[in-house]
Amino acid sequence: MPELPEVETVVRTLRPKITGRRILSAEFTGLRVLIGDARETAEALVGRKITGVTRHGKFIAIALDQGFLVVHLGMTGRLLVDGELTKWTHAVLTLDQGSLVYEDPRQFGRIEYGVSLPARVAALGPEPLEVSEGEFGRRLKLRRSPVKAVLLNQSVVRGVGNIYADEALFRAGVNPKRMAASLGAERVGRVYRAMQEVLREAIEARGSSISNYVDAEGCQGSFQTAHRVYQRTGEPCVNCGAEIKRILVGQRGTHYCGRCQR
DNA sequence: GTTGTTACCTGTACGC
DNA sequence: TGCGTACAGGTAACAA
């Protein structure tokens with residue numbers, strides 16, 4: 001499931017391969033994934049030149065000489081350069097050199113073309129690797145929800161998903177059920193540093209390959225071997241040996257150590 | 001405005 | 001082997 005490190009890896013592998021390429025044709029078959037009319041979108045894309053690829057939280061923005069093609073990978077989306085066509089291929093862009101293929105079995109992903117970035121991308125919170133500790137703390141102070149749910153809220157910070165929220169809170173030693181607004185400055189600082197640390201390490205490892213995640217070249221990440229709590233229910237805590245628990249916080253599976261995380 | 005709940009969707013794991 | 005069921009989760013829409 002692609003979160004910030006996985007999307008960053010896709011963008012980094014995609015950027016040198018498609019920047020400068022021109023779109024010769026565009027075909028959309030997965031009408032659930034595409035926001036907008038398939039024929040109109042294809043007509044708008046044909047002839048456009050790709051000028052850059054950037055990441056906004058978990059959104060990928062493919063900048064064109066006119067407008068943007070914005071892609072969200074959802075749970076199982078894959079954006080592949082010269083990817084093979086499968087039963088779950090929803091979009092194919094034929095470029096003047098190679099192709100760009102979008103496939104997504106669960107169809108939770110979204111593709112949208114517009115002359116500017118869509119409002120929901122503009123409404124996202126700051127990047128967790130760029131926000132200051134003070135600003136991060138101020139944003140947490142405004143929220144009367146469990147800190148785990150707040151980290152997942154993309155309008156607070158953009159890009160943190162279930163894996164990295166659990167891993168960051170474990171490293172910070174903070175219980176995921178704690179109310180965000182009730183955290184003191186010391187705990188906020190620990191969450192802030194742990195969030196940045198785990199995201200940086202995961203980017204370095206090219207993300208976590210859970211489910212079917214691969215980057216734009218079809219390569220898997222390796223950070224899943226470094227997970228300390230995520231999907232380790234019942235296993236011993238790497239710090240204290242207590243059993244890792246799984247609970248629901250905000251309807252999301254949440255993994256934590258009840259002894260280390262207070 | 002904020003918070004909580006639900007639907008969307010299919011592959012996988014599990015029990016019988 | 002085959003079937004039914006539970007589960008995974010990011011976002012948007014909706015209700016409170």
Side-chain angles (χ1 to χ4, degrees), chain A residues 1-11 29-36 55-61 70-79 86-91 102-112 114 117-125 127-128 138-169 176-183 199 202 207-214 220-221 223-224 227 229-235 244-256:
Chain A
M1 44 214 73
E3 301 181 23
L4 187 153
E6 290 76 30
V7 178
E8 178 66 24
T9 304
V10 170
V11 165
T29 48
L31 298 180
R32 185 185 150 69
V33 167
L34 179 70
I35 297 174
R55 181 185 59 74
H56 303 259
K58 301 173 196 172
F59 289 84
I60 298 168
V70 173
V71 179
H72 193 294
L73 301 175
M75 294 290 298
T76 52
R78 311 211 289 191
L79 204 47
T86 70
K87 66 184 281 200
W88 297 120
T89 299
H90 302 295
Y102 181 79
E103 67 164 46
D104 189 353
R106 285 191 206 170
Q107 304 172 65
F108 275 23
R110 291 290 180 268
I111 300 176
E112 180 177 15
L117 288 176
R120 65 183 189 284
V121 174
L124 294 170
E127 285 286 335
R138 281 190 288 278
R139 286 173 171 269
L140 259 54
K141 270 278 173 263
L142 295 171
R143 300 290 170 167
R144 281 183 296 278
S145 293
V147 61
K148 160 77 184 270
V150 172
L151 289 179
L152 293 180
N153 185 336
Q154 302 297 295
S155 66
V156 177
V157 285
R158 63 193 196 201
V160 177
N162 209 35
I163 298 172
Y164 299 106
D166 281 3
E167 293 297 322
L169 290 172
K177 289 179 291 188
R178 268 193 172 266
M179 287 297 126
S182 75
L183 293 177
L199 290 174
S208 303
S209 279
I210 303 289
S211 183
N212 69 338
Y213 164 75
V214 292
Q220 294 195 330
F223 195 70
Q224 65 279 8
H227 293 172
V229 286
Y230 182 74
Q231 288 190 342
R232 292 193 61 241
T233 311
E235 294 180 35
I244 298 299
K245 294 179 186 168
R246 182 184 179 280
I247 57 171
L248 282 182
V249 177
Q251 306 301 110
R252 292 283 167 256
T254 297
H255 312 77
Y256 76 110

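So that the names make sense, note that chain A is the first sequence line, chain B the second, and so on, each numbered from 1. Heavy atoms only: backbone and side chains are in, while hydrogens, waters and symmetry mates are out.
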Heavy-atom donor-acceptor pair, A:Arg120 side-chain to C:dA12 base, under 3.5 Å: no
Lys/Arg N to Asp/Glu carboxylate O, A:Lys58 vs A:Glu3, below 4.0 Å: no
Ring-base stacking, A:Phe108 with B:dC8 (5.5 Å, 30° cut-offs): yes
Check the interface with nucleotides 3-7 of chain C: list each N/O to N/O pair with the protein under 3.5 Å, or write none.
none

Do the side-chain N or O atoms of [X] get closer than 4.0 angstrom to the phosphate oxygens (OP1, OP2) of [N]?
| X | N | value |
| --- | --- | --- |
| A:Lys58 | C:dT11 | yes |
| A:Gln107 | B:dT10 | yes |
| A:Trp88 | B:dG11 | yes |
| A:Tyr164 | C:dG9 | no |
| A:His72 | C:dG10 | no |

Integer-rounded Å distance: C:dG9 C1' and A:Glu3 CD: 10 Å
Value in whole Å for how far the C1' atom of C:dG9 lies from CD1 of A:Ile163: 10 Å
Qualifying residue for side chain to side chain contact (heavy atoms under 4.5 Å, CB included) with A:Tyr102, from A:Thr89, A:Leu73, A:Leu34: A:Leu73
End-to-end axis angle, where each axis spans five pairs of the helix from B:dT2-C:dA16 to B:dC16-C:dG2, to 10°: 40°
Shortest non-hydrogen contact between A:Gly161 and A:Leu152, atoms and distance: C-CD2, 3.2 Å
Shortest non-hydrogen separation from A:Leu183 to A:Lys141 and the atoms involved: O-NZ, 2.9 Å
Geometric class of the A:Trp88/A:His90 ring pair [parallel <30°, tilted 30-60°, perpendicular >60°]: tilted
Between the main-chain N or O of [Y] and the side-chain N or O of [X], is there a donor-acceptor pair closer than 3.5 Å?
| X | Y | value |
| --- | --- | --- |
| A:Asp166 | A:Tyr230 | no |
| A:Arg32 | A:Gln107 | yes |
| A:Arg55 | A:Thr9 | no |
| A:Gln154 | A:Val160 | yes |

Closest listed nucleotide, where the reference is the side chain of A:Asn162 and the choices are C:dA12, C:dG10, B:dG11: C:dG10
Per-nucleotide protein contact string for nucleotides 2-7 of chain B, where B marks a base within reach and S marks sugar-phosphate only (heavy atoms under 4.0 Å, - for neither): -SSSB-
Candidate pair A:Lys177 and A:Tyr256, rule side chain to side chain contact (heavy atoms under 4.5 Å, CB included), full reasoning: CA-CA 10 Å; A:Lys177 289 179 291 188; A:Tyr256 76 110; 3.8 Å; yes
Nearest-0.5 Å distance that lies between atom NE2 in A:His72 and atom CG in A:Asp104: 10.5 Å
